[in-house]
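Just so you know, these numbers come straight off a predicted model, no measurement behind them. Below, read A as the first sequence line, B as the second, and so on, with proteins coming before strands; counting in each chain starts at 1.
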Amino acid sequence: MKIDNKRNWFMGVFLIVFLIVSLIFAAATGAVKISASEIIAILTKGDDTVNASILMEIRLPRVLLAAVLGAGLAAVGGVMQAIFKNPLVDSYTLGMSSGAALGAVLSILTGINISILGIKTTGVFAFAGAVLTLFFVYSLAYTRNRMSINSLLLSGVAVSYFLASVISFLMMLNHDKIEHIVFWTMGSLSMATWDEFFISSVLTIPSLAVLMYYTRELNILVMGEDAAHHLGINTFALKTTLLITCAVIVGSVVSTGGTIAFLGLVAPHIIRLIVGSDNKKVIPYSALMGSILLVLADTAGRVLIQPAEIPVGVMTSIMGGPFFIFLLKKQKN
Amino acid sequence: MDYQINVEKLSFSYDLKKVLRQVNMSISKGGFFCIVGPNGSGKSTLLRVISAVLKPQEGAVYFEGKNINGMKSRSVARLLSFVPQNTSLEFDFKVSDVVLMGRYPYVNKLKGESGQDFEIAEKAMEYTNTTHLKDRSFMELSGGERQRVILAQALAQDTDILILDEPVSHLDLQHQVEILNLIKKMCVDRKLTAITVLHDLNLASAYSDYIVMMRDGEIKRQGTPFETLTAAGIKEIFDTDVYVSVSPVGNKPYIYALARPEIKKIGIRVHVICGGGSGSEIIGRLHSEGFDLSSGVLTIGDLDWKVSKENDVQIAEEVPFVGISGEAYAKNKELAAIADAIVLTGLYLGKSNIRNLELLLEKDLEDKPLFILEDESFPERDYTGGTAFQLYEKVKTVKRTMLVESKMLKEEIIKAVKAYENR
């Protein structure tokens with residue numbers, strides 16, 4: 001048990017250092033190279049050069065936003081996999097992300113785009129879309145006090161496809177706004193601003209804290225609903241709390257970055273391969289891992305085919321898909 | 001008497017389907033309680049209502065006077081633990097982690113598990129002989145080992161009541177006995193009350209202090225194994241005929257399923273002269289081979305008499321200890337006369353049944369094929385001071401008498417009967 005703790009402590013420190021290095025690397029990389037020492041100089045002294053404005057107005061908000069969204073998505077993936085006791089579940093397979101995207105698209109098309117206390121209607125619509133879809137998928141799979149995980153996945157995927165085609169249909173009808181919508185369906189951080197970073201941090205970071213608070217219960221939930229109940233957990237209240245929290249995160253992610261696939265599925269699995277299934281470790285480490293992956297994926301998307309940009313959602317899929325297959329094969333051996 | 005748990009007028013339905021109807025039962029502390037009944041009789045639902053997973057529409061479950069549905073889930077978890085039929089995890093946990101989960105109802109959320117919690121979990125593993133597994137991954141374990149780990153978890157939960165839903169149905173005999181022994185030991189050592197659903201009636205009989213029999217959501221019978229596991233009781237609950245005797249080990253009822261497949265009759269009738277159990281195996285075998293059978297003269301209550309009854313064999317019977325009356329003798333002779341062959345088993349002979357041998361010297365039966373199964377040990381079985389032996393020697397000289405090994409009996413009978421017909 002002692003060796004275990006040491007390894008975990010090491011793992012946490014390693015991930016945090018890795019994240020800081022990734023953040024600096026991402027901020028330094030791009031069409032204009034800014035050295036790490038220059039970044040530190042700008043941050044500490046507040047220079048007024050061209051590089052400083054590129055860093056402060058364009059790169060930094062984007063890189064930090066990527067870190068927050070990545071953490072949110074990965075933690076949501078880990079939590080949902082534990083709740084539904086299935087390694088294939090995340091905010092995508094249950095249709096939450098498609099629902100949030102449809103909400104965002106509807107807010108763009110209707111032109112209702114005002115901002116109250118810094119929270120834009122797009123965000124509210126995305127959250128509502130995520131919650132409504134989750135509720136719908138859940139009620140489809142829930143019959144006679146029992147929930148079958150197979151029907152949950154099936155209805156999630158079916159609803160997801162349906163919503164995606166509704167979005168395509170709306171795109172077809174609204175050629176003028178197509179670019180705006182594509183941004184949401186592919187997932188991109190190119191419009192990142194400080195405002196967006198602050199708002200999603202305010203929504204995501206407390207939500208992450210809520211998820212971390214319930215990791216012990218998540219472990220027990222893996223034993224099964226009845227077992228959890230017999231150990232004194234009000235499973236209905238717990239699941240509702242966790243899923244609403246997940247919806248808040250997904251809504252905040254989708255309304256700022258669009259739908260970013262695969263991250264929520266892959267990050268927790270990478271962590272599980274290293275530290276095992278204990279959610280007390282899996283959820284926080286997955287959040288860190290998600291941050292690192294999204295920051296790096298976004299940076300790669302920015303620089304690979306300059307001056308064009310690959311949307312980050314495409315990058316996560318391209319990188320995540322094969323890696324996931326590799327992990328599965330390795331695990332089997 | 002003070003009961004620990006009182007179930008009063010409990011009714012439960014899923015949607016419109018009534019699963020439990022007006023269930024009443026009382027459970028006293030430290031006992032092994034067993035619920036038996038056919039599939040769909042509401043056993044598992046009853047367990048789930050008792051453990052407050054389901055809320056009954058009517059009635060209530062009281063633990064030491066308190067309604068369990070009014071209690072907080074954490075308090076319920078300190079009161080009763082649950083062991084399901086089997087546990088499988090999608091994500092892998094170490095055995096020690098699984099056992100430690102049993103401490104959840106006591107753990108302070110912010111401080112985490114204390115040294116005492118670890119100690120209790122370790123003791124629970126020692127008790128269930130799972131300490132050596134503690135660093136193994138739960139999913140790598142065999143079914144029996146997993147059930148022991150889940151029992152360790154339940155033990156770590158430190159409850160007064162242990163509820164088990166078919167805890168051994170997935171296990172082989174060795175592990176069934178191992179798990180049930182462990183549960184029984186927990187009842188005795190720790191004054192734990194076990195409430196379990198079991199499918200195997202003989203295991204239920206061997207381990208239970210009290211048995212509740214359910215059918216169609218109602219409790220039909222309840223009481224000690226001897227009061228409940230009777231042929232009539234089992235017929236009422238399971239719609240099945242069984243033979244109930246007393247287990248020679250442990251002095252509990254033992255239930256035999258009656259193997260009665262549809263047997264094609266071969267149209268040959270055999271009369272078996274037996275008694276005292278000497279004919280039981282032969283009667284069972286010949287019956288299953290399709291012979292029509294009769295037996296005699298048997299005293300009522302004799303083992304061969306019981307077996308004959310169970311197999312629908314016609315019997316020439318006599319009340320015990322009076323010897324063979326003229327009436328019984330005549331009946332025996334009549335049955336022997338209509339049979340195609342007669343079999344003499346290795347029965348013990350005394351004053352009261354010697355007339356069974358005399359029968360074989362009857363002029364009318366001279367032509368009947370007679371098969372003697374046991375020859376060597378005859379003098380040891382003779383309690384008539386030699387009279388029987390003299391008769392026996394005479395019987396052997398009757399022209400159609402044969403000594404035969406019991407495994408050859410079927411063939412020899414068929415051969416003899418055919419030869420007789422073709423004569």
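Residue Pro84(B): no heavy atom, backbone or side chain, is found under 4.5 Å from chain A. For a residue to count as touching a neighbouring chain, one of its non-hydrogen atoms must lie under 4.5 Å from one of that chain's; by this rule Gln81(A) touches chain B with backbone and side chain alike. In this structure, the portion of Val107(B) lying under 4.5 Å from any heavy atom of chain A is its side chain and not its backbone. Residue contact with chain A, scored on non-hydrogen atoms closer than 4.5 Å, is absent for Ile163(B). Both the backbone and the side chain of Ser51(B) come within contact range of chain A, each with at least one heavy atom under 4.5 Å from a heavy atom of that chain.
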### Query
When you look at Phe138(B) and Ile150(B), which way does the side chain to side chain contact (heavy atoms under 4.5 Å, CB included) test go after all the steps?
CA-CA 10 Å; Phe138(B) 183 78; Ile150(B) 295 298; 4.0 Å; yes
### Worked check of side chain to side chain contact (heavy atoms under 4.5 Å, CB included) between Val23(B) and Val212(B)
CA-CA 11 Å; Val23(B) 170; Val212(B) 168; over 6 Å; no
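Classified by interplanar angle (parallel below 30°, tilted 30° to 60°, perpendicular above 60°), the ring pair Phe82(B)/His230(A) is parallel. In this structure, Phe14(A) and Phe10(A) have parallel ring planes: the angle between them is below the 30° cut-off, well short of the 60° mark.
The structure places CG of Leu19(A) at 11.0 Å from CE of Met289(A), a figure rounded to the nearest 0.5 Å.
Surrounding CZ of Phe136(A) are at most 12 heavy atoms belonging to other residues, nucleotides or ligands under 6.0 Å away.
Proximity of Ile179(B) to Val83(B): side-chain heavy atoms (C-beta onward) are nowhere separated by under 4.5 Å. The shortest distance between side-chain heavy atoms of Val79(A) and Tyr214(A) does not fall below 4.5 Å. Side-chain contact check for Leu203(A) versus Ile249(A): every heavy-atom pair is 4.5 Å or farther apart.
Highest contact tally toward chain B, considering only Ala82(A), Gly276(A), Gly232(A), Ala227(A), is held by Gly232(A) [criterion: heavy-atom pairs under 4.5 Å].
Along residues 63-76 of chain B, the residues that come nearer than 4.5 angstrom to chain A, judged on non-hydrogen atoms, are Ser73(B), Arg74(B) in order of number.
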